[in-house]
Amino acid sequence: MAKPVTLVVFVLPSSLRHWVSGETEVKVFAVGADHETPPTLGSALDTLRRTHPRLEERLRDDYGRIRRHINMIICGENARGLGSLDCALPPAAEVYVLPALA
């Protein structure tokens with residue numbers, strides 16, 4: 001049986017658009033770990049690392065976690081409250097990337 005796949009759209013703030021030729025959105029596919037596991041934010045970021053490595057390194061730290069000064073909003077909720085990188089993504093997920101306010 002095939003692994004589940006979903007299209008993920010990362011919506012970027014102007015401060016991160018430099019790393020993707022000024023684009024406001026970056027689309028990638030996220031793949032579930034197996035046929036029973038839905039795609040996660042972590043799997044979407046893994047794909048982003050392969051397609052846009054300079055952007056992804058600004059979103060995750062050296063340990064692979066979401067950087068402290070970055071918030072990712074999925075379905076109106078901060079990903080940190082939904083399980084962070086293990087957050088399951090709905091079909092056609094939009095992930096709003098926002099710099100944290102000081």
Side-chain angles (χ1 to χ4, degrees):
M1 185 167 212
K3 296 178 183 179
V5 176
T6 190
L7 177 67
V8 180
V9 179
F10 287 93
V11 181
L12 304 172
S14 60
S15 60
L16 292 174
R17 293 177 190 161
H18 168 76
W19 307 109
V20 291
S21 303
E23 296 295 323
T24 59
E25 297 179 344
V26 174
K27 297 176 182 177
V28 298
F29 287 101
V31 181
D34 57 46
H35 70 278
E36 295 178 4
T37 307
T40 63
L41 178 57
S43 67
L45 287 168
D46 290 343
T47 303
L48 188 66
R49 181 185 322 126
R50 290 188 294 278
T51 60
H52 296 88
R54 307 266 336 255
L55 172 62
E56 191 271 345
E57 67 188 26
R58 277 144 186 84
L59 302 179
R60 290 203 278 190
D61 63 19
D62 294 337
Y63 301 101
R65 297 180 301 231
I66 299 170
R67 291 189 181 274
R68 284 191 344 235
H69 65 280
I70 295 291
N71 288 311
M72 295 192 188
I73 308 302
I74 303 165
C75 297
E77 302 233 7
N78 193 318
R80 285 185 175 88
L82 298 172
S84 197
L85 297 175
D86 294 329
C87 170
L89 296 174
E94 288 187 344
V95 178
Y96 290 87
V97 179
L98 303 169
L101 299 175

In short, Ala88 meets Pro38 closest at the heavy-atom pair CB-CG, 3.8 Å
Besides Val20, the hydrophobic cluster formed by Ile, Leu, Val, Met, Phe, Trp and Tyr side chains linked at under 4.5 Å, directly or via other members, contains Val8, Phe10, Leu12, Leu16, Trp19, Val26, Val28, Leu41, Leu45, Leu48, Leu55, Leu59, Ile66, Ile70, Met72, Ile74, Leu82, Leu85, Leu89, Val95, Val97
Smallest heavy-atom separation, Arg80 atom then Arg67 atom, equals NH2-O, 2.6 Å
Interatomic distance, OG1@Thr51 vs CZ@Arg49, rounded to 0.5 Å, equals 10.5 Å
What one should report as the nearest heavy-atom pair of Phe29 and Val5 is CD2-CG1, 3.7 Å
Residue pairs passing the salt bridge (charged side-chain N to carboxylate O under 4.0 Å, His left out) test with at least one member in residues 15-43, sequence neighbours excluded, are none
Scanning both residues in full, the closest heavy-atom pair of Pro4 with Pro39 reads O-CG, 3.6 Å
- Counting only N and O atoms by type, is there a donor-acceptor contact under 3.5 Å from the side chain of Thr6 to the main-chain atoms of Ala92? yes
For residues 85-99, the side-chain hydrogen bond (donor to acceptor under 3.5 Å, both in side chains) pairs (sequence neighbours left out) are Glu94-Tyr96
